[in-house]
There are 2 protein chains.
Amino acid sequence: MREAALALFAQHGYAAVSMRRIAQEVGVQAGALYNYTPDKQSLLFDLMQGHMDDLLNARSQEPVCTSALARLEAFSRFHIRFHLERPQAVFISYMELRNLTPRNFAVIEDLRRRYEGELETILRDGRDIGAFHVADTKITTLAIIAMLNGVNTWYRSGGRLSLPEVEAIYWDMVRKAVT
Amino acid sequence: MREAALALFAQHGYAAVSMRRIAQEVGVQAGALYNYTPDKQSLLFDLMQGHMDDLLNARSQEPVCTSALARLEAFSRFHIRFHLERPQAVFISYMELRNLTPRNFAVIEDLRRRYEGELETILRDGRDIGAFHVADTKITTLAIIAMLNGVNTWYRSGGRLSLPEVEAIYWDMVRKAVT
DNA sequence: GTCTATAGATTGATAGAC
DNA sequence: GTCTATCAATCTATAGAC
């Protein structure tokens, strides 16, 4: 059910996808879905929370780097790799924020800010030791993440560029932008 | 009607907003709206097409710069300024692409590509004369636009930073990323 | 745990009075 | 050009049989 909902929400949007349509994709009747989710809103929230949990868990299991540059490179490459591996979940977690209830929205926002905080810490530490030159760590954090997220709008596996090539191109831009 | 639809679509999403809700905002009954739009889809399309037309028109009326660096700076500052002036239209034009009919989608996509082409031309010309060092002009184009678009996710007028300060910070990052 | 059936509300769009 | 009224379809969610 979650798999079907993920694909359908990503393609048509949460509000435009009915429980009947999800059930059809799963191969059951609509009523049967309510054995697995209390309602449609919880289904959306679970998908988004699961994605953010995956993101933070995967990040925490990455090897720790010592130098400022190596930390930033590791983050940039991890971010691209992780997000390119699950484009649908990424898409939903950004596009469907406004369809969350205020309570659910606050939870997702908190997870998102925690992730952004990891990058900001890297930038601030690097700036403090003179490794980076950034005008504003908060804005630079958001600018870098926005730029890296942009990969998902055009990258298709099997295309002109391989994942390592994409990582290298973006890392080069990130590195130059902060040094 | 367009004004009300713009605000409501931006806040709740096209699929989640009913014609009755738009009519309520305008102060008429739902049926009256159909004197101004043949259907809901056309209303969305007109908003998006109007936004893209505004963008290309505004861009074409900007003063022409000669040096590669000045051209890129003018584009970056123009992009930030234009997009921060109409956050709702920007939001809709990106988020509601999947709610366009295939025919309407193709029209908007063409306008978007035309705009991106202006930046790519700047980058290619600059690279050809040795002013810029970019690994891939197409990807760099998308990366820069993604980064600049990110401003709209956090900037609020009257906040910590003024528009000229924001422009300066982003221009600094763009400049360093390509030189 | 899935089914059929349905309640109760809402949707986009139209018809016809004025 | 706006109104009331409504059609026909669709929606989320639930009830109860099996």
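Letters go in sequence order (proteins before strands), and every chain restarts at 1.
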>> Tell me whether the side-chain N/O atoms of Tyr34(B) come closer than 4.0 Å to OP1 or OP2 in dG1(D).
In response: no
Taken to the nearest whole Å, CD1/Ile22(A) to P/dT10(D) is 17 Å
* Does Glu85(A) come within less than 4.0 Å of Arg81(A), counting only side-chain N to carboxylate O? -> no
From CG of Leu33(A) across to C1' of dA15(D) the rounded distance in Å is 17 Å
Checking dG12(C), dT4(C), dT4(D) against the side chain of Gln29(B) (C-beta onward), the nearest is dT4(D)
Side chains of Ser60(B) and Asn57(B): any donor to acceptor distance under 3.5 Å? no
Taken to the nearest whole Å, CD/Gln41(A) to P/dA13(D) is 9 Å
- Message: In this structure, is the centre-to-centre distance between the rings of His51(B) and Tyr94(B) below 6.0 Å?
- Response: no
Separation of dT2(D) atom C1' from Gln24(B) atom CD, nearest Å, is 17 Å
Testing dC3(C), dT2(D), dG12(C) for proximity to the side chain of Met19(B), the answer is dG12(C)
From CZ of Arg20(B) across to P of dC11(D) the rounded distance in Å is 16 Å
Fill in: Test: Arg71(B) cationic atom under 6.0 Å from Phe75(B) six-membered ring centre, within 45° of axis
no
Taken to the nearest whole Å, CG/Asp39(A) to P/dT14(D) is 8 Å
Whole-Å distance, Met1(A) CE to dG1(C) P, equals 13 Å
**Asked** Given dT10(D), is OP1 or OP2 found less than 4.0 Å from the side-chain N or O atoms of Ser18(A)?
**Response** no
Which of dC3(D), dG1(C), dA13(D) is nearest the side chain of Lys40(A)? It is dA13(D)
Exercise for review: Check whether the side chains of His83(B) and Tyr155(B) place a donor and an acceptor atom closer than 3.5 Å, and report yes or no.
Suggested key: no
Item to complete: Quick one: label Val26(B) by what it contacts on the DNA or RNA (base, sugar-phosphate, nothing), any heavy atom closer than 4.0 Å.
Response: nothing
Looking only at dG1(D), dG1(C), dT6(D), the nucleotide nearest the Asn35(A) side chain is dG1(C)
